[in-house]
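Working notes, beginning with the structure itself.
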Amino acid sequence: MPSDAINYGKLAEELDNLLSCGRIDKITMSDKSTLMLTIRSRGANRNLIITAAASPRCYLSGSRINGTEVPLSFCLHLRRHINGGVIDKVEAAPFERILFFRITAHGDLGEETKRVLIVEIMGKYSNVVLTDENYKITDSLKHVGLDESRPVMPGITFVLPRDETRLDPTDNLPNSDGMPSSDLPPFMVKRLRGLSAVTASEIADIAEKENLPLGKACERLLERPLAPVTYYRDGKPFDFSFCDYATVKGERKHFATLCEAMDDYYKGTFDVSEKALAENSVRRVLNAALDKQRKKLAVFERDRMSATDFEHERVLGELITANIYKIKKGDTSVTVDNWYDGTQITIKLTENTPQEDAQKHFKRYQKKKRTVENLAERIDECEKTIDYLESVETALACAVTAADIADVADELETYGFITRQTRGKKKNESQPRKYEIDGFTVLVGKSNLQNEKITKEARGDDIWLHTQGFHGSHVILKTGGKEPPSSVLSAAASLAAFFSKARQSENVPVDYTRAKNVHKQRGAAPGKVDYFGAKTLYVFPKVPDKASE
């Protein structure tokens, strides 16, 4: 995507026009890398989203973020120094992805102070820095140590990350004449400051069509009026730019402002990115918990196998006791008739008395028997935990959005598998997936806790569906007292199969019965139920075409 210095330079002009003279009313941080400034400007509240996470960005968004329950230290620092301040100007560093928000604020005694909020959009090096008017850093989102090439720490002077080995895009690029057009954009990205491959391709295209040097072609691109565009492919946004790039192939959607184009782009792509990050985090915890339980189970099974011969120890003790008269002092073994199976058996003896040898085997019998009994309970508990975690794994695999992932994480936290150091504000309770099929409502749980909730709240004559023999979502077909047609029942069963571990299979068995026939097992994990009176449908896992969510 072309989130390069060219586009951020145009964004700075737009933000300056929209935010200058605006008052900062509220500062919020949702996590350690994302913050939002609510700015009252030109009679409207505007949300400036700034994030230095995996997909860094800075733009005005129609969305809002929820702050942490306990404000983070950088958030408190910003509130102290710039909350209530007025934005004087927004500008970008020349051909750098760095924005400067120049702010007039007030100190602790009400005196007027000048502050500069600096936003660096530079991949993993992205940062947010607050300085005074002389660029002395007061604090930053990320601290970079003094041993680094460009330290960012309170008390030192902010320095631009200027790479003197590169030229500005408006300069003439040596050794570019006669270069094949396919090789030119990568060469430009390598030798020029602040260019993305997409913008470099557009500049090269202008240079070729208008027979201009690359520097002049870049100036020609910068002269274009603001006409923001988001590019789509297969119905999904994949790029945006401040004006229409002729070299980008795909459908186009035009916007009045660059912020609106960016908001449209990130709404279509960031949720996927956020989902991937959240899913990776939860999956690491889930995999670690499953590995731990499976290793415990393997140890328990091994110990149980080594103790399953406890009856043999009892037989040995009884045979020694019954044949003491045959054992002479100094014997190392004795061969006796085993009346349990009619064979002869040779029993090893120690230097102790026969009575002590017999007692040794009786003690082993008792110990191994207790071991088997205790391990049976622990193995059963371990298997139930693994079964529960595998059901959570299925819910995670079926998650569609980052909010779905959050539901799974909340469930794992409830049962002690995740411990969060920072708790956010309690969010609105998540709702199950809801589909309308030919006038009937179908609810699909997103997590075990939600499965349990929708099943518990279902009316007795509603229909409950679940894949047979596979982990998956509970599905409730709300009947409203009517008998649903077979087509609706099949569609609901297809949803149950789709949101299950069998979603990649064909001809999946789905059991269905009235909700009144479904009961939670006593002491069972969430979502674990017993049911009776069920019938089975065999369906293909899918979201039916006629279903509207």
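Along the sequence shown, the residues carry numbers beginning at 1. Atoms considered below: every heavy atom in the structure, side chains included; atoms not considered: hydrogens, waters and symmetry mates.
Using a distance-only test at 3.5 Å, with no hydrogens or angles considered, a donor-acceptor pair links the side chain of R252 to the main chain of G250. A donor-acceptor pair under 3.5 Å links the side-chain atoms of D132 to the main chain of N134, judged by distance alone. Looking at T230, its side chain does come within 3.5 Å of a backbone N or O of A261 through a donor-acceptor pair. A distance-only check finds no donor-acceptor pair linking the side chain of T38 to the backbone of D25 [under 3.5 Å]. Judged by distance alone, the side chain of E96 and the main-chain N or O of G194 form no donor-acceptor pair under 3.5 Å. At distances below 3.5 Å, not a single donor-acceptor pair connects side-chain atoms of R115 with backbone N or O atoms of G85. With K446 contributing its side chain and A395 its backbone, the two residues share no donor-acceptor pair below 3.5 Å. In this structure, the side chain of H474 engages the main chain of G527 through a donor-acceptor pair within 3.5 Å. Between the side chain of S241 and the backbone N or O of C243 there is at least one donor-acceptor pair closer than 3.5 Å. Here the side chain of D168 pairs no donor or acceptor atom with the backbone of D171 at under 3.5 angstrom.
Cation-pi check for R193 over F95 is not met; the charged atom does not lie both under 6.0 angstrom from the ring centroid and within 45 degrees of its normal.
Nearest heavy-atom pair, P71 versus R79, reported as atom, atom and distance to 0.1 Å: CG-NH1, 3.7 Å. Here the shortest heavy-atom pairing between V539 and A497 reads CG2-CB, 4.0 Å. Of all non-hydrogen atoms in T170 and C218, the two that sit nearest each other are CG2-SG, 4.0 Å. For the pair L18 and R42, the tightest heavy-atom approach, listed with the atom from each and the gap, is O-NH1, 3.3 Å. Between G445 and N451 the shortest heavy-atom distance is CA-OD1, 3.2 Å. R97 and M122 get closest at one heavy-atom pair: NH2-CA, 3.9 Å.
Remark: T51 OG1 to D31 CG distance equals 6.5 Å, nearest 0.5 Å. Here the CG-NZ distance, from L222 to K10, works out to 5.5 Å after rounding to the nearest 0.5 Å. To the nearest 0.5 angstrom, L396 atom CG is 4.5 Å from E279 atom CD. Here the straight-line distance linking atom CG of N83 with atom CG of L78 works out to 9.0 Å at 0.5 Å rounding. Rounding to the nearest 0.5 angstrom, the gap separating the CD1 atom in I454 from the CG atom in L443 is 5.5 Å. One distance of note links CG of N448 with NE2 of H471; it measures 9.0 Å at 0.5 Å rounding.
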| said: Set out, in order, the CA-CA distance, both residues' side-chain angles and the distance that settles side chain to side chain contact (heavy atoms under 4.5 Å, CB included) for L258 and F240, then state yes or no. | reply: CA-CA 9 Å; L258 182 54; F240 68 87; 4.2 Å; yes
| query | Going through the checks in order, is the side chain to side chain contact (heavy atoms under 4.5 Å, CB included) test met by L495 and I437? | reply | CA-CA 11 Å; L495 284 169; I437 305 176; 4.1 Å; yes
| query | Checking salt bridge (charged side-chain N to carboxylate O under 4.0 Å, His left out) for the pair K142/E120: CA distance, chi angles, key distance, verdict? | reply | CA-CA 11 Å; K142 302 176 184 177; E120 300 178 315; over 6 Å; no
| task | Apply side chain to side chain contact (heavy atoms under 4.5 Å, CB included) to H81 and I103, showing your working. | result | CA-CA 10 Å; H81 291 286; I103 302 167; over 6 Å; no
| field | Test log, rule side chain to side chain contact (heavy atoms under 4.5 Å, CB included), inputs Y232 and D264 | value | CA-CA 11 Å; Y232 280 75; D264 180 72; 2.5 Å; yes
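S55 and Y266 share no side-chain donor-acceptor pair at under 3.5 Å. Inspection of the Y388 and E411 side chains reveals an N or O donor paired with an N or O acceptor under 3.5 Å. Side chain to side chain, D88 and T104 meet the donor-acceptor criterion of an N or O pair below 3.5 Å. Neither side chain, D205 nor T247, offers a donor N or O lying under 3.5 Å from an acceptor on the other. Using a 3.5 Å distance cut-off with no hydrogens or angles, the side chains of S61 and N47 do not pair a donor with an acceptor. Inspection of the S447 and D407 side chains reveals no N or O donor paired with an N or O acceptor under 3.5 Å.
Using a 4.5 Å heavy-atom threshold, the side chains of Y415 and L449 count as touching. Within the 4.5 Å cutoff, no side-chain heavy atoms of F242 are placed close to those of E14. Side chains of L19 and L60 form a contact here, defined as non-hydrogen atoms less than 4.5 Å apart. For the pair F74/L35, a side-chain contact is recorded, criterion being any heavy-atom separation below 4.5 Å from C-beta on. By the 4.5 Å heavy-atom criterion applied to side chains, Y265 and F255 are not counted as neighbours. Considering only heavy atoms from C-beta on, R80 comes within 4.5 Å of D108 through its side chain. Considering only heavy atoms from C-beta on, S63 comes within 4.5 Å of K267 through its side chain. A heavy-atom distance below 4.5 Å is not found between the side chains of I87 and L15.
In the displayed structure, D291 atom CG is contacted under 6.0 Å by more than 12 heavy atoms of other residues, nucleotides or ligands. Sparse packing is recorded around CD of E506, with 12 or fewer heavy atoms of other residues, nucleotides or ligands lying under 6.0 Å away. Applying the 6.0 Å contact sphere to NZ of K236 captures no more than 12 heavy atoms from other residues, nucleotides or ligands.
Between Y135 and F100, the ring-plane angle classifies as perpendicular under the 30° and 60° cut-offs.
Here R102 pairs with E91 in a salt bridge; the nearest charged N to carboxylate O distance falls below 4.0 Å.
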